[in-house]
Amino acid sequence: MSEFIPPAKPIIGDDEREAVDRVLRSGMVAQGPEVAAFEQEFSAFFVPGRPSVAVNSGTAGLHLGLLAAGVGPGDEVIVPSFTFAATGNSVALTGATPVFVDIEPETFTLDPQAVAAAITPKTKGILPVHLYGHPARMRELEQLTAERGVALYEDAAQAHGASLDGRPVGSFGEFAMFSLYPTKNMTSGEGGMVTTATDEIARQVKLLRNQGMERQYENEVIGFNARMTDIHAAIGRVQLTKVGTWTKIRQENAAFLDANLHGVVVPPVADGAVHVYHQYTVRVPEDRDGFVAALKNEHNVGAGVYYPIPNHRLPSLAHFAPGLDLPETERAAREVVSLPVHPSLSQGDLDRIVAAVNTVAGAGA
Ligand SMILES: *Cc1c(COP(=O)(O)O)cnc(C)c1O
C-alpha cells in the first residue's frame with residue numbers, strides 16, 4: 001500500500017535548527033531578547049497595533065489572559081463545549097465557572113443566540129473559539145457583549161491569520177490566545193502568544209508569567225513561571241517568516257478538496273470570513289467511525305476526530321454542567337472528520353485523499 005498520509009505534520013527545517021544553535025551558543029537560553037523580538041514580530045504580522053506577550057503554552061496564555069482580565073471565583077465565562085479541553089480548563093483554573101453553550105452547525109463556533117440566553121448577572125465574559133481556523137461569529141458576539149456589558153475574549157489557538165470583515169482574529173477581544181504547539185499552523189515547540197487590547201492587560205499577563213515581578217524581587221502579585229525560553233522563541237521567529245506561505249497552501253489544498261470531494265459535507269466559509277484551515281473538517285452523517293477506520297485501513301490516509309467528547313461531558317468538567325443537553329455539539333461530536341490539509345501534502349497525496357474519501361463515502365460506509 002502507498003505511504004501513510006498523516007493528519008498533521010509540523011515543518012521544521014535547517015533555518016529553525018540554525019536559530020536554535022545560535023541561541024544555544026550564546027549561552028543565554030531563558031527568556032531574553034529572542035522572546036522580546038518574537039513578541040514584536042508576532043504583533044506586527046498577525047495583530048498590528050496590539051501588544052503580544054509570549055508564554056510557555058497556549059493553555060497558560062488562556063489562563064493568564066483570563067486572570068489579567070479579572071476573571072475569578074464567582075464569575076461565569078461562557079464557552080463552547082465543542083473544543084479542546086484547554087478552553088474549559090483555563091476558565092475552571094481561575095476559579096470561575098465555565099458555562100457551556102451550543103454551537104451553530106455551519107462554522108462549529110458559538111451560537112450567538114444561545115450565548116445571549118446564557119448570560120446571567122454573574123457572566124464576566126464570553127470566550128469564543130475560532131475552531132479549525134474559522135473565525136467565530138464575532139459581529140454578533142461583539143454587539144452582544146457591548147449591549148449586555150460583558151467582556152469578549154478569544155481562543156485563537158487554531159486561527160493564526162484568520163479574519164472577519166478584514167479584521168484579524170486576536171483583535172476583537174480584551175485578550176486573545178494563539179497556541180504554538182507543533183500541530184498548530186505554526187510552532188515554537190511548545191508555547192503560546194497572548195495579544196491584548198490594552199497595555200495594562202499586557203502588563204498584567206507579563207507580571208503573571210514571571211512570579212508577579214516587573215522589577216526583580218519586587219513581586220507585585222502572586223504569579224506563575226510561564227515564561228517562554230529564547231530557544232523556543234528562536235524557532236517561532238523563523239516559523240513566522242513561513243506561516244503566510246503555509247496558510248496559502250492550506251487554503252489551496254482546501255479549495256481542491258472542496259471542489260473534488262463527494263458524499264461528505266465540506267466545510268462552509270461564512271461571508272466575510274478568511275478560514276486558515278488548521279483543520280479541514282467534513283461531516284460524515286452515517287457511521288463516522290467506520291469511515292475513519294476505512295480511510296486508514298484501506299487507503300492509508302490518516303484522519304482525526306476533533307473532538308469526540310464535548311467538554312461538558314468530560315469526567316473533568318462534567319460537574320459544571322449536570323444534565324446539560326447541547327444538540328448541535330453532540331451532532332458535531334458524532335459526525336466530524338478532519339482530513340489532511342497541511343502544507344506538506346503533494347498533489348499526489350491530495351489525489352489519494354480525494355479518491356479514498358470518494359470511494360469510502362460512495363460505498364456508504
Ligand atoms: C491547542 C489548543 C489550546 C491549548 O494550546 P496548548 O498550546 O496546547 O496549551 C487551547 N484551545 C484550543 C482550541 C486548542 O486547539
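One-based numbering, in listed order, for ligands and for the atoms of each.
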Check ligand 1 against G191 and write out every atom of the ligand that is under 4.0 Å from a heavy-atom position of the residue.
-> 7 (O)
Between F84 and ligand 1, is there a nitrogen or oxygen pair with a distance under 3.5 Å?
-> no
Applying a 4.0 Å heavy-atom criterion (strictly less than), which segment of E190 is in contact with ligand 1: side chain, backbone, both, or neither?
-> neither
Note: E41-R237 ion pair, threshold 4.0 Å (strictly below) | yes
Flag the pair Q239 / S188 as yes when at least one side-chain heavy-atom distance between them is below 4.5 Å, and no otherwise.
-> no
Enumerate the atoms of ligand 1 whose separation from the nearest heavy atom of G58 is less than 4.0 angstrom.
-> 5 (O), 6 (P), 7 (O), 9 (O)
Which atoms of ligand 1 are found less than 4.0 Å from any heavy atom of A86?
-> 3 (C), 4 (C), 10 (C)
protein heavy-atom neighbour closest to atom 12 (C) of ligand 1 works out as A157 CB, 3.4 Å
Which of the atoms of ligand 1 are close to D155, meaning less than 4.0 Å from one of its heavy atoms?
-> 10 (C), 11 (N), 12 (C), 13 (C)
Taking NZ, NE, NH1 and NH2 as the nitrogens, is one of them in R167 or E142 under 4.0 Å from a carboxylate oxygen of the other?
-> yes
Taking the six-membered ring for Trp, are H275 and Y277 parallel (under 30°), tilted (30 to 60°) or perpendicular (over 60°)?
-> parallel
Taking atom 1 (C) of ligand 1 as the point of reference, which of M193, M177, H130, K184 owns the nearest heavy atom?
-> K184
Carboxylate-amine/guanidinium proximity below 4.0 Å for R203 and E220 = yes
Tell me which protein heavy atom sits closest to atom 15 (O) of ligand 1, plus the residue, atom name and distance to 0.1 Å.
-> Q158 NE2, 2.8 Å
Is T83 in polar range of ligand 1, meaning some N or O pair under 3.5 Å apart?
-> no
Between D111 and R137, is the closest basic N to carboxylate O distance under 4.0 Å?
-> no
Ligand 1 versus V129: contacting region, heavy-atom distance under 4.0 Å = side chain
Is the closest heavy atom of S90 to ligand 1 under 4.0 Å?
-> no
Stepwise, does the salt bridge (Lys or Arg N to Asp or Glu O under 4.0 Å) test hold for K122 with D75?
-> CA-CA 5 Å; K122 290 183 175 170; D75 294 330; over 6 Å; no
Might you work through the salt bridge (Lys or Arg N to Asp or Glu O under 4.0 Å) test for D21 and R17, ending with a clear yes or no?
-> CA-CA 6 Å; D21 201 44; R17 275 185 284 277; over 6 Å; no
For the residue pair F178 and H160, categorise the inter-ring angle as parallel (less than 30°), tilted (30 to 60°) or perpendicular (more than 60°).
-> tilted
For Y181 and ligand 1, does the shortest N/O to N/O distance drop below 3.5 Å?
-> no
Does E34 pair with R227 as a salt bridge, N-O distance under 4.0 Å?
-> no
Does H278 have a non-hydrogen atom less than 4.0 Å from ligand 1?
-> no
Atom 4 (C) of ligand 1 - nearest protein heavy atom and its distance | T59 OG1, 3.5 Å
In terms of residue, atom name and distance, what is the protein heavy atom nearest to atom 5 (O) of ligand 1?
-> S179 OG, 3.3 Å
